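Treat the numbers as computed from the prediction; the structure is a model and nothing was measured.
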Amino acid sequence: MHYHEVFGILILLLVLIHILINIKMLKGLMRACHKVPLNLKLCLIIDILLMLIFILIGLSGVLISKTILITLSMSSLWLKTIHLFFSGLALILLGIHIGLHLCRKEMYKGFAIVLSVISLCLGLYGFKDTQMQRWLTMPLTGQVLHVEENGLHLQGVQNGKGKGYGKGLHLGGGYEDNKEVLSLNQKLVLYSEFFGLMFTGTMATYWLVRINKTINSLSEKH
């Protein structure tokens with residue numbers, strides 16, 4: 001948890017720096033939004049959404065901090081729901097964001113196909129093996145991950161009482177106990193699953209934009 005919070009703060013700072021570096025370009029796109037191509041409009045929408053989502057992730061993370069900013073933290077199942085749901089959503093939008101930038105230059109077709117297949121395999125396995133699907137459905141199901149001293153439990157927040165299900169909740173790669181120290185191989189598997197989820201969105205966006213450009217160029221010729 002401590003490393004999660006430290007790296008979370010570092011990532012949030014990097015995102016803020018990235019936004020500040022590109023703020024002039026974003027303002028320019030917003031002013032000329034009606035003139036720019038569709039893929040740039042999508043880029044602008046995704047960027048604004050990501051900016052708002054990272055602010056929500058950062059604020060909710062600070063408010064539920066367990067090891068660093070404990071003077072500001074509070075115990076709230078709804079804040080945990082917000083933090084986890086928007087974290088899952090951010091991963092998808094980051095994939096689309098990278099894909100929209102990647103499609104500006106056409107990749108070698110064979111490399112793009114191989115990268116797409118690898119990303120899809122890792123993404124499908126990651127979606128099944130991690131908590132991604134639970135994070136994305138939390139607002140609909142009224143369920144949230146609740147960290148307690150004796151482990152990680154699933155709690156229902158619809159009735160306000162909460163209920164634990166089992167001894168622990170699967171995080172990915174077979175890690176049932178949040179106190180377990182993960183080996184390097186287990187960490188690599190978990191990271192590859194989440195990167196696979198993100199790059200599945202990246203390559204799907206890449207192919208959709210390339211196909212759209214091909215269709216448009218064929219229409220112009222005819």
Side-chain angles (χ1 to χ4, degrees), residues 1-15 18 50 53-54 56-58 60-69 73 77 79-99 102 114-141 143-155 164-206:
M1 184 60 72
H2 178 72
Y3 291 116
H4 173 82
E5 291 180 10
V6 170
F7 283 113
I9 290 170
L10 288 174
I11 290 168
L12 186 61
L13 288 173
L14 288 173
V15 168
H18 180 69
L50 276 172
I53 285 170
F54 271 106
L56 282 170
I57 292 171
S60 59
V62 167
L63 293 173
I64 60 172
S65 174
K66 298 288 181 184
T67 64
I68 300 175
L69 303 167
S73 66
L77 296 180
L79 282 172
K80 290 170 188 173
T81 302
I82 289 168
H83 188 72
L84 293 168
F85 169 73
F86 282 110
S87 294
L89 190 59
L91 198 67
I92 295 171
L93 291 177
L94 273 173
I96 297 171
H97 172 84
I98 295 168
L102 198 64
V114 170
L115 189 59
S116 300
V117 171
I118 293 171
S119 299
L120 183 62
C121 291
L122 287 172
L124 289 173
Y125 181 71
F127 192 75
K128 176 182 175 294
D129 197 51
T130 66
Q131 286 297 312
M132 186 68 167
Q133 54 185 313
R134 193 182 301 280
W135 295 352
L136 293 173
T137 56
M138 277 179 179
L140 300 175
T141 60
Q143 292 177 335
V144 64
L145 291 175
H146 179 56
V147 179
E148 295 179 325
E149 291 181 1
N150 59 340
L152 192 61
H153 297 271
L154 181 67
Q155 289 204 350
Y165 295 86
K167 292 173 66 178
L169 189 62
H170 184 64
L171 287 173
Y175 321 129
E176 295 289 335
D177 186 355
N178 68 322
K179 294 180 182 179
E180 180 184 349
V181 178
L182 306 184
S183 68
L184 179 60
N185 287 339
Q186 288 173 322
K187 288 177 183 177
L188 288 174
V189 168
L190 193 59
Y191 293 148
S192 64
E193 287 173 354
F194 281 110
F195 276 108
L197 284 164
M198 184 175 71
F199 279 104
T200 298
T202 296
M203 296 313 298
T205 303
Y206 173 82

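Contact annotation: the side chain of Leu12 never approaches that of Ile57 to less than 4.5 Å [non-hydrogen atoms, C-beta and beyond]. Contact of the Lys128 side chain with the Leu124 side chain is not registered, since no non-hydrogen atoms from C-beta on lie closer than 4.5 Å. Between Phe195 and Leu122 the shortest side-chain heavy-atom distance does not fall below 4.5 Å. Leu115 is listed as a side-chain neighbour of Met203, based on a closest heavy-atom distance under 4.5 Å.
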- Query: Given the rule in the side chain to side chain contact (heavy atoms under 4.5 Å, CB included) test, do Leu197 and Thr130 qualify, once you have shown the distances and angles that lead to the verdict?
  - Reply: CA-CA 10 Å; Leu197 284 164; Thr130 66; 4.0 Å; yes
May I have the list of side-chain donor-acceptor pairs in residues 86-99 shorter than 3.5 Å, sequence neighbours left out?
from  : atom 1 : to    : atom 2 : distance (Å)
Ser87 : OG     : His83 : O      : 2.6
His97 : ND1    : Asp47 : OD1    : 2.7

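Separation of atoms CD (Gln186) and OH (Tyr191) is listed at 11.5 Å; rounding is to 0.5 Å. Here the CZ-CD distance, from Phe127 to Gln133, works out to 4.5 Å after rounding to the nearest 0.5 Å. Taken from CG in Leu84 to CD1 in Ile64, the straight-line distance is 6.5 Å, to the nearest 0.5 Å. Here the straight-line distance linking atom OG1 of Thr202 with atom CE of Met198 works out to 5.5 Å at 0.5 Å rounding.
A distance-only check finds a donor-acceptor pair linking the side chain of Glu5 to the backbone of Lys66 [under 3.5 Å]. Listed for the Thr200 side chain is a donor-acceptor partner under 3.5 Å among the backbone atoms of Ser119.
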